[in-house]
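Only this structure's heavy atoms are used, side chains among them; waters, hydrogens and symmetry mates stay out.
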Amino acid sequence: MATPAPLPFLFLLGQEDPASDRLLSGPLVDRLNVLNRPDDLLDGLASLPLVAAMSVVAVGVLCVLNGYRWHKWVVAILAFLAGLGIGHALAQEMGRPTIVAAAVGCLCAIVATPLLKITVAIFGGLTGAFIGVNAWSVAQPESVADARWAGALLGFVVLAMASLILYRFVVVLFTSVGGSLMVVFGAITLLMHVPSWDGAVRETFTSTPMLVPLLVALAAVGGFVLQESRMRADGVRLLSNDPKTTA
């Protein structure tokens, strides 16, 4: 997630797997609205290999705990993963999807590094769109896709513009949200890899659709507060437009 920023690892679910195809198919607003599609989400996560799930959890924890200090590397990795998604889409017409996807991923990562503030604005905007569409769907569950676009568009514009004047705030926000998604989705995948727990996990999340958004929100808020407290302890102001780090 091209794949949205908060969900880059979903591209790795497997291009030929029907479950991941359902999860990543349809208009962009439906792809962003993943938290309110528990059935498709669980089917897609079930196809994620155990090693990949463990890696996702590890990267997510690092983003939640220390995303701002390492945000240059985080942005480069996210740009690479987004490039993989773009390259895979292009390769459907060109052939050799692995080579094309890897080449486009490397290109995006290389371009994102010197254009850090612009890349942060894009990823911040995508994070805002993700928050907006899922919040809109929770508040208006019967809303049609066209109406959900309002939440996505509002969130994108607000955070993309905010990154130009509140750079650090947006970086902490999108690393917290992205990291929380990785932690929650990876943890769910690990639980489903235990055969005796798979049925109970599916029953729990499908019978309580609000549980996934709640867990993601709790992890994101906790990560944001923790990062802000660490920055304050280091004498770094959160509400600042200075992209420099203390690390």
Inset, instruction - Output yes when a side-chain donor or acceptor of Asn134 lies under 3.5 Å from a complementary backbone atom of Phe130, and no otherwise. - result: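 Here the side-chain-to-backbone pair exists.
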
Using every non-hydrogen atom in the two residues, find where [X] and [Y] come nearest and quote the distance to one decimal.
| X | Y | value |
| --- | --- | --- |
| Ala219 | Val64 | O-CG1, 4.3 Å |
| Leu126 | Phe156 | N-CD1, 3.6 Å |
| Gly179 | Cys63 | CA-CB, 3.8 Å |
| Ser47 | Gly44 | OG-O, 2.7 Å |

Test item: [X] and [Y] side chains (from C-beta on) under 4.5 Å apart, heavy atoms:
| X | Y | value |
| --- | --- | --- |
| Phe80 | Cys108 | no |
| Val212 | Leu41 | yes |
| Leu116 | His71 | yes |
| Phe123 | Val171 | no |
| Ile188 | Val201 | yes |
| Arg202 | Asp43 | yes |
| Val172 | Met231 | yes |
| Tyr68 | Leu173 | no |

Out of curiosity, does [Y] fall in the hydrophobic cluster containing [X] (side-chain heavy atoms, cut-off under 4.5 Å, transitive links)?
| X | Y | result |
| --- | --- | --- |
| Val75 | Ile122 | yes |
| Val57 | Leu218 | no |
| Leu191 | Val184 | yes |
| Val74 | Val111 | yes |
| Val158 | Val170 | no |

How long is the gap from [atom1] on [X] to [atom2] on [Y], to the nearest 0.5 Å?
| X | Y | atom1 | atom2 | value |
| --- | --- | --- | --- | --- |
| Thr204 | Leu42 | OG1 | CG | 10.0 Å |
| Leu35 | Ile131 | CG | CD1 | 10.0 Å |
| Leu166 | Leu159 | CG | CG | 10.0 Å |
| Leu215 | Leu181 | CG | CG | 11.5 Å |
| Leu78 | Thr127 | CG | OG1 | 8.5 Å |
| Leu115 | Lys117 | CG | NZ | 12.5 Å |

Inset, instruction - Among residues two or more places apart or on two chains, list those pairs meeting side chain to side chain donor-acceptor pair (under 3.5 Å) that have a residue in residues 176-186. - result: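 As it turns out, the side chain to side chain donor-acceptor pair (under 3.5 Å) pairs with a partner in residues 176-186, which skip direct neighbours, are Ser176-Gln227.
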
Inset, instruction - Show your working on side chain to side chain contact (heavy atoms under 4.5 Å, CB included) between Leu190 and Leu50 and close with a plain yes or no. - result: CA-CA 7 Å; Leu190 292 176; Leu50 180 61; 3.4 Å; yes

Legend entry - Qualifying ring-ring contact (aromatic ring centres under 6.0 Å, His included) pairs, either residue in residues 186-227, two or more places apart: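 Listed once each, the pairs are Phe169-Phe224.
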
Legend entry - Residues forming a salt bridge (charged side-chain N to carboxylate O under 4.0 Å, His left out) with Arg230, sequence neighbours excluded: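 Testing Arg230 for salt bridge (charged side-chain N to carboxylate O under 4.0 Å, His left out), a comparison that skips the adjacent residues, returns none.
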
Legend entry - Working for side chain to side chain contact (heavy atoms under 4.5 Å, CB included), residues Val157 and Leu153: CA-CA 6 Å; Val157 171; Leu153 181 60; 4.2 Å; yes

